[in-house]
Amino acid sequence: MSAGTRVLVLNAGSSSVKYQLIDMLDGARLAAGLAERVGEPGGRLVHTPRDGARREALRPFEDHAAALEAVAAELAADGLGLDSPELAAIGHRVVHGGRRFTAPTLITDEVLAEVRRLVPVAPLHNPANITGIEVARRLRPDLPQVAVFDTAFHATLPEYAARYAIDRAVADEHRVRRYGFHGTSHQYVSRAAAALLGKEPAEVNVIVLHLGNGASASAVAGGVCVETSMGLTPLEGLVMGTRSGDVDPGVVFHLHRVGGLTIDEIDALLNRRSGLLGLCGDNDMREILRRRGEGDADAALAFDAYVHRLRKYLGAYYAVLGRVDAVVFTAGVGENAAPVREAVCAGLEGLGIVVDTELNAVRSGDPRIVSPAYARVAVAVVPTDEELEIARQAFALVHTAED
Ligand code: AMP
């Protein structure tokens, strides 16, 4: 068995590479960083070692290979290079695992080919993930590399929740179904919430609200995901920073036939110019809260639409689960925006959901309960940690494979 205890987590996006080197003995971040504007002008690498000062360098990256090589060089400069015997595995975030990948998977040529076959259902994400994997394998061909899929936690959705009510043959031919995303976060947060309640995941039903720039909700029954708000793509569901979430599909036909917009224009509209941004011109909740506080009507509308959608999902998932032990807020907005948490839970005492104003106002990086002790349902804030979850899953897989 490899003596290594460290896992390098790589999250390769379309123009960036995020990374963390984590020691699985104690979960310590030995280094973290971000290479951005890959393949664009103005490339930049920010590297923060645990035992040292943050280093920032402006430098162009021709492609992902150049960016990953620069990352490897930064790690080596701290004595944490990819050739270190302490490195046990590289864990890759892969957005779409389709129906095949429902668990962390050791990457082989065959696995990579299958991830490539899924590009048509994740055209924005899987290509960058694949490049990250290819480059990392080139740099360390002997090291186990593990893919951890954003869709995997949602593979347990019952068929009636995963299927759209459309012709089954057409849906199957084009692999159209609800896959869900942010799964690594929903998994991590739902388990951490159980721990916060002093219970095993199997003992509790939780609703997780992952509210970042992208946003999704999930209903997790006894540790098993039974419903989630994103679908074939990460566009369905909640109002997000720049994505519309749910719209009548007829809107697409109307904008095309009557509005004269092309399919690509509608795609860009719904994914990049909608959501909070489309409603008020800002997609950052901090700015929206500030403007709303100054009486700005557009910001107030955006906030109300965001909260209203969340409340509809909260009510729906309450009904899906039947009994709810915790409602858990996570990611940038969920962890930081007390007014959003308060508004989402307002007036739901009848469902056992109550927020304690004072507890909710406390700023902290720790998992915490913000509902009063008497409330039937715990309202919790749990900072998400997708990198740690990816590292854990990759490490566990490498060890099981070797045992
Ligand atoms: P994420 O995608 O999880 O990094 O979340 C990013 C989003 O979190 C930003 O676009 C902001 O809207 C939101 N956010 C971050 N910090 C705060 C804060 N202190 N208050 C309100 N929203 C915040």
Side-chain angles (χ1 to χ4, degrees), residues 1-13 16-36 38 45-55 57 61 63-95 97 101 103-112 115 128-150 152 184 187-188 385-403:
M1 180 189 282
S2 144
T5 60
R6 297 174 181 169
V7 177
L8 177 65
V9 177
L10 287 180
N11 181 354
S16 68
V17 177
K18 275 195 246 168
Y19 61 95
Q20 284 194 10
L21 181 66
I22 302 178
D23 196 325
M24 300 318 292
L25 286 180
D26 55 3
R29 309 299 132 128
L30 303 177
L34 168 69
E36 52 187 354
V38 176
L45 178 66
V46 181
H47 176 84
T48 310
R50 182 181 58 172
D51 305 315
R54 178 177 187 269
R55 302 198 290 273
F61 302 115
D63 50 23
H64 282 79
L68 258 180
E69 273 157 23
V71 168
E74 287 295 335
L75 288 166
D78 295 321
L80 302 168
L82 292 194
D83 54 355
S84 152
E86 275 130 334
L87 197 57
I90 298 182
H92 295 267
R93 176 186 184 219
V94 180
V95 169
F101 298 115
T105 303
L106 205 57
I107 297 167
T108 60
D109 291 342
E110 194 264 326
V111 167
L112 201 52
V115 173
N129 304 154
I130 291 166
T131 311
I133 292 170
E134 285 173 340
V135 177
R137 287 179 94 203
R138 218 156 47 228
L139 291 176
R140 270 303 299 269
D142 56 315
L143 197 66
Q145 313 236 356
V146 178
V148 177
F149 298 91
D150 248 29
T184 311
Q187 182 169 13
Y188 174 86
D385 196 338
E386 289 164 279
E387 288 78 14
L388 181 60
E389 183 64 33
I390 290 171
R392 272 186 195 157
Q393 294 190 12
F395 193 65
L397 181 69
V398 167
H399 280 263
T400 347
E402 284 178 353
D403 283 347

Steps toward side chain to side chain contact (heavy atoms under 4.5 Å, CB included) verdict (Leu45, Glu36): CA-CA 6 Å; Leu45 178 66; Glu36 52 187 354; over 6 Å; no
Check whether Gln145 reaches the backbone of Ala136 with its side chain - one donor and one acceptor, N or O, closer than 3.5 Å. yes
Between the CZ atom in Arg138 and the CD atom in Glu69, the distance rounded to the nearest 0.5 Å is 7.5 Å
Report yes if some heavy atom in the side chain of Leu30 is under 4.5 Å from a heavy atom in the side chain of Ile22; otherwise report no. no
Sidechain-backbone polar pair: Asp150 side chain, Thr184 backbone, donor-acceptor under 3.5 Å: no
Derivation of the salt bridge (Lys or Arg N to Asp or Glu O under 4.0 Å) call for Arg137 and Asp142: CA-CA 8 Å; Arg137 287 179 94 203; Asp142 56 315; over 6 Å; no
Could you please spell out the steps behind the side chain to side chain contact (heavy atoms under 4.5 Å, CB included) verdict for Thr105 and Phe149? CA-CA 9 Å; Thr105 303; Phe149 298 91; 3.7 Å; yes
Which is it for Arg50 and Asp23 under the salt bridge (Lys or Arg N to Asp or Glu O under 4.0 Å) test, yes or no, and what are the steps along the way? CA-CA 11 Å; Arg50 182 181 58 172; Asp23 196 325; over 6 Å; no
Would you say Phe61 and Leu68 make side-chain contact, with heavy atoms under 4.5 Å? no
From CA spacing to verdict: side chain to side chain contact (heavy atoms under 4.5 Å, CB included), Val17, Leu10: CA-CA 7 Å; Val17 177; Leu10 287 180; 4.2 Å; yes
Where do Arg6 and Leu80 land on the side chain to side chain contact (heavy atoms under 4.5 Å, CB included) test, with the steps shown first? CA-CA 10 Å; Arg6 297 174 181 169; Leu80 302 168; 3.5 Å; yes
Would you mind telling me which of Ile90, Val115, Val94 makes a side-chain contact (heavy atoms from CB on, under 4.5 Å) with Ile133? Val94
Enter the distance from Tyr19:OH to Leu21:CG here, rounded to the nearest 0.5 Å. 10.0 Å
Measure across Asn129 and Ala12 and return the closest heavy-atom pair with its distance rounded to 0.1 Å. ND2-O, 2.8 Å
Looking at Asp385 and Arg392, is any side-chain nitrogen of the basic one under 4.0 Å from a carboxylate oxygen of the acidic one? no
Heavy atoms only: give me the nearest Thr5-Phe395 pair and the separation to one decimal. CA-CE1, 3.9 Å
May I ask you to test the Pro49-Arg55 pair for a side-chain heavy-atom distance under 4.5 Å? yes
Heavy-atom pair of closest approach, residues Ala394 and Val7: CB-CG1, 4.3 Å
Closest heavy-atom pair and its distance - Leu106, Pro144: CD1-CB, 4.0 Å
Just how far is it from atom CD of Glu389 to atom CD of Gln393, taken to the nearest 0.5 Å? 4.5 Å
Once rounded to the nearest 0.5 Å, what's the spacing between atom NZ of Lys18 and atom CZ of Arg93? 7.0 Å
For the residue pair Leu75 and Leu8, establish whether any side-chain heavy-atom pair is separated by less than 4.5 Å. yes
Under 3.5 Å donor-acceptor, Thr48 side chain and Val46 backbone: no
Please give me the minimum heavy-atom distance between Ala89 and Val398, naming the atom from each residue. CB-CG2, 3.6 Å
Just by distance, with hydrogens left out, do His47 and Asp78 show a side-chain donor and acceptor under 3.5 Å apart? yes
Atom of Ala103, atom of Ala152 and distance for their closest heavy-atom approach: N-CB, 4.1 Å
Under 3.5 Å, side chain of His92 to main-chain N/O of Ile130, donor-acceptor pair present? no
